[in-house]
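Okay, so here's the structure we're looking at.
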Amino acid sequence: MTRRRQPSTPPDLPGYSYSRLLGMGGFADVFLYRQELPIRDVAVKVLLASHLGDDAREQFVTEANLMAQVSQHPAIVTVHHAGFADDGRPYLVMEYCSRPGVAERYRTERMGVAECLRIAIRIASAVASAHEAGIWHRDIKPANVLTTDFGWPALTDFGIAATAALAGSAAGMSIPWAPPELLSPSPSGDERSDVYSLAATLYSMLAGRSPFEVLGTANSASDLVGRIERMPLPRISRDDVPDELFEVLDTAMARRVADRHPSAIAFARDLQGIEADLGLPVTVLDLVETEPEVTGTPEVQADTWVPLDQVDGALGPQTDEPVVETSLPAEAPVAEVPVVEVGSDPDDDEIDETTRSRDLIMLGAEPDEGRYRDSQVEVPEPATDVDPAARRTRRRIDLVAVGTLVLVVVAVAVAATLGRTSDAGTRPSVPRHVEVSEPRVEAEAVPAPGELVGTVADGAATFTWTNPKPAEGDRYRWVRVELGGTSRPAFVDDPSVVVPLGPDDGPVCIEVLVMRADGRLSVQSATGCAQ
């Protein structure tokens, strides 16, 4: 049996007072401190190595700066401060998450499929944002998925494993959730290694155990490595886990890197598709989208309001007709307008100590109480039909027509009011509060592109695809999928794109999504390659 080490001594940090130990890991301990100004609880991760060389110190500073950039994401633990203690140990001051994280829940309770999908999609968006910034996590696992005080999942421990490796620490990835390529004698990987570990974490939430852990048998580090490298992914023994979800996990955890999802976004969109198939609300991906480039003369869109001093003839020649001022007769009765209040729509068996000692990093650390993470975006409701004449009238610049419209509306209101007058000449009372209870209308999911085909000719790859349910204003968002990730998104109006090729380019792959005029994207993407 492996004997657990004693926790390290919490450092004396100016401006912070020590509270208690939160967790221990292979290369760092996590302590709860009380920050004095502003007052709040924070989690302080202290690396065990105290004598870092210049390269390791520089790497730590680089990683801390990168973490500070990506930690603005609502599903990433925020980094408040970083530094070196008096004894030379590097430390990070981070959000403290007081609610139970995934590691504390998945073995002790049955987590619902809807919640598991929601957590995985939000964490996938965090991973994708980190990849966009050039950061590879390397150690995604249940213990690194914490829960904020507002109930949001938050990923922690970005990049610190690289600092530990430079410091000569034996710590590294956690075997139960590590991909095969990182378990070889000469480990190598890329963003798709993070996709594997993310899928393995989702598997654990659904199964209540790590993917290749076999109950009732030995689950040592060597046993797990052998199964990860050779054993097919075991089925999840739950009736509420659809076969399509298991197939997505099986793809994301393929032994061959090339057989996996090309990116965390592609994995997340497959999970969004499962949500849609199950009739669940589709979880929004928290991503920073690149706005399409606008060229040429801007057009006046149908639903755009243009200031009068900026019209410049865009809506036709201006008129010199005088402005008609209208007013109601003093004696004309005025109809009461009911105030409508719309009701709100509320919307264990354990692995042995050899394995456990490698994944006890930061159990229980979570984001601070001062961070508000409610960035969930409601799916826009479909636009209702509006009479074209009324729509044109609302946008007319001709003030004479506007004045006429006002007179007509007032006359109709007066006539309706007089028509409801009782025989005694008194106006019946109109209820001022009307309870409205209408079924909520959900927007139809945007379908994925179909029949994505690529051909190579004359030094370029040409891709074409189809739109299963085209709508007015549809555009297409595409990225080039490469070994190191994806290119920046680009937008086209037609279902085709030409990708120039260099002399040394091999197969060219792209990922395409349909984008509606209201900004919604298809819940699944289409990926195709040309060679």
Side-chain angles (χ1 to χ4, degrees), residues 75 99-127 137 139-147 151-155 174-180 192-217 219 224 227-228 231-255 260-261 264-283 285 348-351 355-356 359 363 523-524:
R99 299 179 64 169
V102 169
E104 300 167 90
R105 296 183 57 199
Y106 81 96
R107 288 187 181 274
T108 60
E109 64 178 273
R110 181 185 174 99
M111 301 180 67
V113 173
E115 182 186 15
C116 293
L117 289 171
R118 187 165 57 248
I119 291 173
I121 292 172
R122 286 173 175 169
I123 294 300
S125 71
V127 173
H137 190 285
D139 196 26
I140 300 173
K141 59 186 178 182
N144 282 337
V145 181
L146 311 179
T147 308
W152 278 71
L155 189 59
S174 301
I175 290 177
W177 301 276
R192 290 168 293 184
S193 301
D194 277 352
V195 171
Y196 179 103
S197 298
L198 178 58
T201 299
L202 174 56
Y203 184 106
S204 297
M205 289 189 283
L206 294 167
R209 55 177 173 80
S210 59
F212 294 96
E213 180 183 345
V214 180
L215 303 180
T217 64
N219 290 292
L224 290 173
R227 295 169 193 159
I228 291 171
M231 180 177 173
L233 185 66
R235 304 289 296 190
I236 299 174
S237 57
R238 282 180 59 166
D239 294 337
D240 58 343
V241 175
D243 292 339
E244 293 79 6
L245 176 52
F246 179 81
E247 291 170 3
V248 171
L249 293 173
D250 194 39
T251 299
M253 297 179 65
R255 282 194 291 273
R260 298 176 198 157
H261 293 84
I265 295 178
F267 174 61
R269 292 210 171 99
D270 272 359
L271 297 183
Q272 288 178 317
I274 300 297
E275 287 183 317
D277 291 343
L278 294 176
L280 300 171
V282 176
T283 304
L285 282 169
D348 126 299
D349 293 318
E350 301 186 27
I351 55 180
T355 304
R356 182 165 296 281
D359 75 89
L363 293 176
V523 295
Q524 289 183 290

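This chain uses plain numbering: 1 for the first residue, then up along the sequence.
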Spell out, as yes or no, whether a donor-acceptor pair under 3.5 Å connects the side chain of [X] to the backbone of [Y].
{"X": "R255", "Y": "M231", "result": "yes"}
{"X": "N219", "Y": "V214", "result": "yes"}
{"X": "S197", "Y": "W177", "result": "yes"}

Would you give the length of the straight line joining atom [atom1] of [X] to atom [atom2] of [Y], rounded to the nearest 0.5 angstrom?
{"X": "I123", "Y": "H137", "atom1": "CD1", "atom2": "NE2", "answer": "9.0 Å"}
{"X": "S174", "Y": "L224", "atom1": "OG", "atom2": "CG", "answer": "11.5 Å"}
{"X": "M205", "Y": "I236", "atom1": "CE", "atom2": "CD1", "answer": "10.5 Å"}
{"X": "L245", "Y": "L117", "atom1": "CG", "atom2": "CG", "answer": "5.5 Å"}

Can you give me the closest heavy-atom contact between [X] and [Y], atom names plus distance?
{"X": "M111", "Y": "C116", "result": "CB-SG, 3.6 Å"}
{"X": "V282", "Y": "E275", "result": "CA-OE1, 3.4 Å"}
{"X": "A75", "Y": "R122", "result": "CB-O, 3.5 Å"}
{"X": "S204", "Y": "S210", "result": "OG-CA, 3.4 Å"}
{"X": "R192", "Y": "R260", "result": "O-NH1, 3.2 Å"}
{"X": "L285", "Y": "A268", "result": "CD2-CB, 3.6 Å"}

Report task. With salt bridge (charged side-chain N to carboxylate O under 4.0 Å, His left out) as the test, would you mind laying out the steps for E109 and R105 before giving the verdict? Result -> CA-CA 6 Å; E109 64 178 273; R105 296 183 57 199; 2.9 Å; yes
### Task
Could you tell me whether E115 and R110 make a salt bridge, using a distance below 4.0 angstrom between a side-chain N and a carboxylate O?
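No, this pair does not count.
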Are any of the side-chain nitrogens in D139 or K141 under 4.0 Å away from the carboxylate oxygens of its partner?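 Yes, charged N to carboxylate O under 4.0 Å.
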Against the six-membered ring of F246, is R235 placed for a cation-pi contact (under 6.0 Å from the centre, within 45° of the normal)?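 Yes.
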